[in-house]
Amino acid sequence: MPAAPRIACIALDRPLDRLFDYSIPEDLTLAPGQRVRVPFGRGSTIGVVVELASTSEVAPGRLRAIQEAPEAEPILGPRLLELLQFGARYYHHPLGEALLGALPPALRHGDPLPALTPETLWRMTPAGSQALADGDARGRRQQAVLRALAHPGSTPHDSPALDRATLAAATGLQLAPRELRAFAERGWLEAITPDPKQPPPPNTSDHTLTAEQRAAVDALTPDTGVPLLLEGVTGSGKTEVYLQMAERVLARGRQVLFLIPEIALTPQLSARIQQRFPGQVALLHSGLSEGERLRAWESARQGQRRIVVGTRSALFTPLPDLGLIIVDEEHDSAFKQQDGFRYNARDLAIKRGQLEQAAVVLGSATPTLETLHAATTGRYAHARLATRPDGSQPPAVEAIDTRVHTPDEGLTAPLLDAMQQTLAAGHQCFLLLNRRGFARVLACDACGWVAECPDCDARLTIHAHNPRAVCHLCGHQEPRPQRCPQCGEALAQRGLGTQRLEQALARHYPTTPLIRLDRDSIRHKGALEEALDRIRQLDAAIVVGTQMLAKGHDFPQVGLVGVIDVDQGLFSVDLRATETTLQLIVQAAGRAGRGSGGGRVLLQTGHPDHPLIRGLNAANYPAMVAPLLEERAAAEMPPHGHLALVRVEAGDAETTRRHAERVATHLRNAAAEGLRVLGPAPAPRHRVNRRFREQILLQSTQRGPLHRALTRARHAWQTDDLPRGTRIAIDIDPVSLA
DNA sequence: AGCACGCCGACT
DNA sequence: GTCGGCGTGCTC
């Protein structure tokens, strides 16, 4: 008779690629996925039970006992546990970090699960409606709340009941519970406590779906394990399709996981979902406090909230009745974690869908070549939204030849003319420039010297209100040199960024409202919402920004989109630069010509006759990127080949190189037929913050040999004596080779 | 990763 | 004489 399993194999939050065995105290019953506190070294730490065993390799005398289990139940269910185990294996990352990283920080640190209180919903009373109409509600906040309850987004019917978070999202205000209670005491609002067994019905939409949208909703076939690509041109109404899919799945009693690239950049989307499903949405993103995050997570795990809207890491939220995963803007690189556990939430979402028997929808106007290829070869189902419900057309794309029209401060004469016309017609101009700040560098025109960071491979940049020169990679600052240290000539400022473009535009159009939208300008909380509101309220205006300008916002007034410099993206060496630039152009074009009809997209380029530029066609993205797919096939690059990047980093160039060579040798020894090991080569940014980086690229038409070689080589270099300061990072399916 | 142990330099 | 530098090894 086998002994009872009195040993638990436990994963810990350490970068150690193994489990630790502990004995289970008599009075404790454990299951995989359960959280435990264990003694470790001289302290104690939180771990997750991965499996139970009756014997251990560790001598019985050296086994220590589990201290406690904060919950009696597994906190990660079997399918989520399997997903994370798969992910850790696939991305060659220690299981403990993957597992503990999936928990909210509070649980990782040992806090107990919070008790959930039922969410109060607020509805406007007739008295409140009266107060709004009569102007009795004087305060800005009072008016905002009442108005939100009178017109919740697209449903101007009877007053719906909204929870506090939804009201906050709809008004853009921070609302304390006591403030809402005060409104209730005045008789303007009434509080409703919904029955948890009987969730409130969705606030129905009065959008009638187009035939295409209807077909897309119907294309959702649950339980087949086949992902659905929802390819919809910008403005084609993907969100409404998602919402109706969600309604169907919720009606069958299941939960919905809605992943978006970055909540902060698209506040309207999450607000719209919350308004449609009041009190049922848990919002998960990096802006939450530990406590807020924990409560949102727990409410989803308990099934109290039926919808999770969140960024990348929300993929790992436990959902007992998961029925649908939506990955919106699936092409967005924000779904790929860029350090530590380098998973791609889009790819793991597909895996989770299979494990949980939940439908998976990937939506985009500009799908990645990987997804597009899977859809055209039949591995994924494919639904297209080719038209806009309002009947408007994506604008045509025109090129301005910068060899003929020399740009001054980034602006050519034809672009300035077109802007003039657009503004005169009362429409807006959006100008896209993928470089922040002033991005001016200090250069010597006489000998070519350029001011560089002493610690990085980067040029120092000059910003508007800073008298010093700054490094964008490490933050190093120094006084601006006035003269060239090599030849003594006076230094000139060269280059162009959004801030400088903004200044140049202010000179050209001194009376036109000018708004800049980039990472720097929205740093303050609420700054983005403020800018978006201003853009929507204005008629003629110029908006300057980086790629975030192209991200999913609806601006009805845009008549012209200008791309200041397409060439730097289109003709770059990086594997995906061309693809992401084409995506950016199409997404940007999608901002123009909504509502008011027409609209132009102007690209400034020195290669107007290049096939990619001539082939630009925002209405048919798959046709437009077909040549790229052919290139990828010829080069055995994704999706026709698989990549992994191994980065070696150390404190000086010499050791980094030496150890990279050794890692590469391990990989070559472990490599089987069909695997190419390229490098090591200095990483594109070889030196950052006084550390040096070399990289090795693995390329194979099959995933198998690639993973087998990595597994074997990893064993080899772990037993090899690499010095302490050397760090090796593995990046599977890298989104950028930089 | 943390945290100990451990063996060599400049300091009250 | 000791405080502390970070090289090496371990954590069930």
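We name chains A, B, ... by the order of the sequence lines, and we start the count at 1 in each one.
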[X] [atom1] - [N] [atom2] separation (whole Å):
{"X": "A:R14", "N": "C:dC12", "atom1": "CZ", "atom2": "P", "result": "10 Å"}
{"X": "A:F40", "N": "C:dC12", "atom1": "CZ", "atom2": "P", "result": "6 Å"}
{"X": "A:H109", "N": "B:dA1", "atom1": "NE2", "atom2": "C1'", "result": "13 Å"}
{"X": "A:L95", "N": "C:dC12", "atom1": "CG", "atom2": "C1'", "result": "16 Å"}
{"X": "A:I728", "N": "B:dA1", "atom1": "CD1", "atom2": "C1'", "result": "16 Å"}
{"X": "A:R18", "N": "B:dA1", "atom1": "CZ", "atom2": "P", "result": "14 Å"}
{"X": "A:D21", "N": "C:dC10", "atom1": "CG", "atom2": "C1'", "result": "16 Å"}
{"X": "A:F20", "N": "B:dA1", "atom1": "CZ", "atom2": "P", "result": "14 Å"}

Problem - A:E97 or A:R42, whichever maps to the more 5' nucleotide of DNA chain B - result: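 Result: A:E97.
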Practice task
Identify whether any heavy atom of A:L16 sits under 4.0 Å from a base atom; if not, whether one sits that close to sugar-phosphate; answer base, sugar-phosphate or nothing.
Solution key: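 Answer is base: heavy atoms of A:L16 come under 4.0 Å of a base.
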Exercise for the section: Indicate, with a heavy-atom threshold strictly under 4.0 Å, whether A:Y22 touches base, sugar-phosphate, or nothing. Expected result: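 Sugar-phosphate, no base atom in range.
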Exercise for the section: Compute both the distance and the angle, then confirm whether A:K336 meets the cation-pi test with A:Y343: under 6.0 Å from the six-membered ring centre, within 45 degrees of the axis. Expected result: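 So A:K336 doesn't make the cation-pi contact.
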Practice task
Taking all non-hydrogen atoms of both residues into account, name the closest pair between A:G674 and A:S700 and its distance.
Solution key: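 In this case the closest contact between A:G674 and A:S700 is O-OG, 3.2 Å.
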Problem - Sole candidate of A:R691, A:R685, A:R693 that passes salt bridge (Lys or Arg N to Asp or Glu O under 4.0 Å) when paired with A:E649 - result: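 Exactly one option meets the salt bridge (Lys or Arg N to Asp or Glu O under 4.0 Å) with A:E649, and it is A:R691.
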Handout entry: Any A:R64 side-chain nitrogen or oxygen under 4.0 Å from OP1 or OP2 of C:dC12
Key =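 Yes, A:R64 has a side-chain N/O under 4.0 Å of OP1/OP2 on C:dC12.
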Exercise for the section: Report yes or no: does A:R342 contribute a side-chain atom to a donor-acceptor pair with the main-chain N or O of A:Q338 at less than 3.5 Å? Expected result: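 Answer holds: yes.
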